[in-house]
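If you're wondering where the values come from, they're calculated on a predicted model, not measured in any experiment.
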Amino acid sequence: MTHILLVEDDPAIAMSLKVTCKREGWKITWLDNASSVLPMLHNDEAKDLSAIILDVGLPDGDGLSLCQQIRHATDINALKDIPIIFLTARSDEVDRILGLEMGGDDYCAKPFSPRELVARLKAIWRREQLLYEQSTTQATTNSRVNGSPSENISEQALTFEYQSGVWHYQPLNYSLQWQEQKLDLSNTERKILLTLLQAPNRVFSREQLLNAVSDYPDHRLARTIDSHIKSIRKQLAMIDASIDVIHTHRGLGYALCPA
């Protein structure tokens, strides 16, 4: 059963979302404060979570900071990349950008329709499935081209072999490795990098990358792609600073260099 964690201090909003989610046949756990979230994520009941709906303004904390704590927690690795949708009453574009940069996958500005929120969740899950299927197809192609054994291409490990290094993607725990080093990526950063990996040398504009990671892209926020690329490059440089893996094509966008 699909299990959603809802963190929202407004009982009216929480009850409305609970009713909508139950109509979908989903299980929903409701918390009304920030301090209860991390302890809950360490419990067995969190093992089957499919997504987190997180209010930005909570009475005892900041939802943005809480999202960042979840993304960087080392003791809940299975949930570090769980989809997170923000609920926010803030209309400032800077706040929305900050939420996405801190690891959020999407946001809904209050007031919102519960049905819209459900649609956004389903879109995120579809996107994850599509990325997995595309990765499997590309990895299978790479293995044939490079003569690698087909058993390397499995549900546990997908392999992209380029001159710049070997990449391994494990969809079951959303782990992406380069040169046998695991990358600590946000959900959005992982999607961006997988998109680039599947089409080496192709130049993607910011808008195309935004479309690749979201079914509800706000193109006013396309510049957030720059921040995500910067974060990805920083991690790659920590592994091997001598290789310029992602090329910037000024005025056009970004491309993965396989050589």
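Between Arg71 and Asp105, at least one side-chain N (NZ, or NE/NH1/NH2) sits under 4.0 Å from a carboxylate O, which counts as a salt bridge.
Proximity of Leu41 to Leu49: side-chain heavy atoms (C-beta onward) are separated by under 4.5 Å at one or more points. Side chains of Leu17 and Leu87 form a contact here, defined as non-hydrogen atoms less than 4.5 Å apart. Using a 4.5 Å heavy-atom threshold, the side chains of Met15 and Trp30 count as touching. Between Ile229 and Arg206, the closest side-chain pair of non-hydrogen atoms is not below 4.5 Å. Looking only at side-chain heavy atoms (C-beta outward), Ile239 and Leu183 come within less than 4.5 Å of each other. When side chains are defined from C-beta on, Leu256 does not count as touching Phe204, because their heavy atoms never get closer than 4.5 Å. The closest side-chain heavy-atom distance from Leu64 to Val56 is below 4.5 Å. Considering only heavy atoms from C-beta on, Arg190 comes within 4.5 Å of Leu194 through its side chain.
Other residues, nucleotides and ligands contribute at most 12 non-hydrogen atoms within 6.0 Å of the CE atom of Met238.
None of Ile28, Val37, Ile53 except one satisfies the side-chain contact (heavy atoms from CB on, under 4.5 Å) rule with Leu5; the exception is Val37. Considering Leu38, Ile84, Asp55 in turn, Leu38 is the only one that fulfils the side-chain contact (heavy atoms from CB on, under 4.5 Å) rule with Leu66.
Using bins of under 30°, 30° to 60° and over 60° for the plane-to-plane angle, the ring pair Trp125/Trp26 lands in the perpendicular bin.
Once rounded to the nearest 0.5 Å, the distance linking CG of Leu185 with CG of Leu176 reads 6.0 Å. Annotation: the span from Asp62 atom CG to Leu54 atom CG amounts to 9.0 Å, rounded to 0.5 Å. Note: His228 NE2 to Asn187 CG = 10.0 Å, rounded to the nearest 0.5 Å.
Among residues two or more places apart in sequence or in another chain, the salt bridge (charged side-chain N to carboxylate O under 4.0 Å, His left out) test is passed with Glu24 by Lys122. The side chain to side chain contact (heavy atoms under 4.5 Å, CB included) search around Ser113 returns Arg115, Glu116, not counting sequence neighbours.
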